[in-house]
2 protein chains.
Amino acid sequence: MRRIADSTVRRLSLYLSALEAFEAQGMTTVSSAALATRGGTTSAQVRKDLSFFGSFGKRGLGYASAELAARLRDILGLKRAYRLAFVGAGKMASALVNYRGFDQRGFHIQAVYDTDPSVIGQTWNGVTVRNAKQMVGDLKGNPVDIGVIVTPADAAQGVTDQLVQAGVKAILNFAPAPIMAPPDVSVKSVNLTLELEALSYALSNR
Amino acid sequence: MRRIADSTVRRLSLYLSALEAFEAQGMTTVSSAALATRGGTTSAQVRKDLSFFGSFGKRGLGYASAELAARLRDILGLKRAYRLAFVGAGKMASALVNYRGFDQRGFHIQAVYDTDPSVIGQTWNGVTVRNAKQMVGDLKGNPVDIGVIVTPADAAQGVTDQLVQAGVKAILNFAPAPIMAPPDVSVKSVNLTLELEALSYALSNR
DNA sequence: GGATGTGAATGTCTTCACAGCT
DNA sequence: AGCTGTGAAGACATTCACATCC
């Protein structure tokens, strides 16, 4: 299969959520123009994105919602469940762990780690916070698919290295610092400061 | 000034945080190669990014850390403070409002709104949660620079419309739904589900 | 020598526009 | 007629490579 750009994959995810909304409204068929409006792009972009994976639209009609949604779930690898480990048990981690949306979408939190003795042992949403020292050992016996880093900036690279050592192949980084991982490990970063600074730039240039 | 791509602006923000780390280590001068390593890019990219705004490096030496940092803060509009209003007072909002990093970087939370009577009146980090019905009126008399949406998906567009009506020109959206705003309003979205789905895609294609 | 600044070349993504199905 | 699928064109972003300066 040809390599698909990250921006394309992100749009596919948006199309899927749009499709779910359309299905909930009882629309059994949907046009590229409708998907474009909800995905914040153009109809040509939608068609091009989908055409990478074959042609499952009907000319003159559009796409069958349920069928396309199933295909997108397949492409995105969402037909299986994923296990997550959180590293860092601060307020942000607590908010994320208690968010029901992850579980609903098949992302199950298996473990939470921290170094602070005052939070180790607490139970969040059914998951007990464990000592970070046990992480690598735990994950070797009981692997997870995705590691979520929610530590302060200065701990992020060390945690990354440990996750890599434990065999984790995907990392979601919320720490306000870029992290480096080997090429076979996928990393996505969410940097709130960076988003605010991008808005700051936009506000001061108009 | 020439239009600068969003990706460039985001890298400038990374360079700034790298510079701050270098300065903290006492390095008074820094090369494009060093910035590239910490920013996850190449030295040519760093030089090209910076050259949009003039040439403030010294050939053979690199860039003066403090001077470049000041220039980046200027470019990014970070020499002033910004006022934020949060809409939605759930766990995620609570975690964000209690995060000290925003204040430190000049992003001050001025108000928090919700519709749930059981949270209205609570005080978080010195800010009292107010009734969302009062938002537009409040903001007209007491404007904010950036609105932060932390509501469920189905409320996001309605809140966006209200923020726009109240004259807000920048929005940071954490709700798991795309939102539409007029072109003079800058929008950045952070969609956790989307990030996890992008990792799912990466995991299932290797 | 060492690192910047920058045109040129390359690569990637998006938009256009229209032929081809239904 | 309506909407998809897709080559071609265009816009945009990144990388190369080297002259230039400290």
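Computed from a predicted model, the values in this text were never measured in an experiment.
Look at CG on B:Leu50: it is 9 Å from P on C:dT4, rounded to the nearest Å. The nearest whole Å value for the distance from the CG atom in A:Leu61 to the C1' atom in D:dA1 is 12 Å. Rounded to whole Å, the distance from CZ on B:Phe53 to P on C:dG5 is 13 Å. Atom C1' of nucleotide C:dT4 and atom CG of B:Leu68 are separated by 13 Å, given to the nearest angstrom. Rounded to whole Å, the distance from CZ on A:Arg10 to C1' on C:dT14 is 17 Å. One interatomic measurement links the two molecules: CZ of B:Phe56 to C1' of D:dC22, which rounds to 18 Å at whole-angstrom precision. Following rounding to the nearest Å, A:Lys58 (NZ) and D:dA1 (C1') show an atom-to-atom distance of 18 Å. Between B:Arg71 atom CZ and C:dG5 atom P there is a gap of 12 Å when expressed in whole angstrom units.
Checked against A:Asp145 for a side-chain hydrogen bond (donor to acceptor under 3.5 Å, both in side chains), the options A:Arg80, A:His108, A:Lys169, A:Gln110 give a single hit: A:Arg80.
Of the residues in residues 26-49 of chain B, those lying under 4.0 Å from DNA chain C by heavy-atom distance are B:Ser31, B:Ser32, B:Arg47, B:Lys48.
Side-chain nitrogen and oxygen atoms of B:Tyr63 include at least one within less than 4.0 Å of the OP1 or OP2 phosphate oxygen of C:dG5. In this structure, B:Arg11 reaches the D:dT14 phosphate: one of its side-chain N or O atoms is under 4.0 Å from OP1 or OP2.
Classification of A:Glu197 and B:Arg105 as a salt-bridged pair holds, one side-chain N sitting under 4.0 Å from a carboxylate O.
Side-chain contact between A:Phe102 and B:Leu196: present, with at least one pair of heavy atoms (C-beta onward) separated by less than 4.5 Å. A 4.5 Å side-chain heavy-atom check between B:Tyr201 and A:Ile4 finds at least one atom pair inside the cut-off.
Between B:Thr151 and B:Ala175 the shortest heavy-atom distance is O-CB, 3.3 Å. The shortest heavy-atom contact between B:Leu163 and B:Leu139 is CD2-CD1, 3.9 Å.
Distances were taken from every side-chain heavy atom of B:Ser7 (C-beta onward) to each of D:dG2, D:dC22, D:dT14; the shortest belongs to D:dT14.
With hydrogens and angles ignored, the 3.5 Å screen pairs a side-chain donor or acceptor of A:Asn98 with a backbone N or O of A:Ser94.
The base of C:dT22 has none of its N or O atoms less than 3.5 Å from a complementary donor or acceptor on the side chain of A:Arg59.
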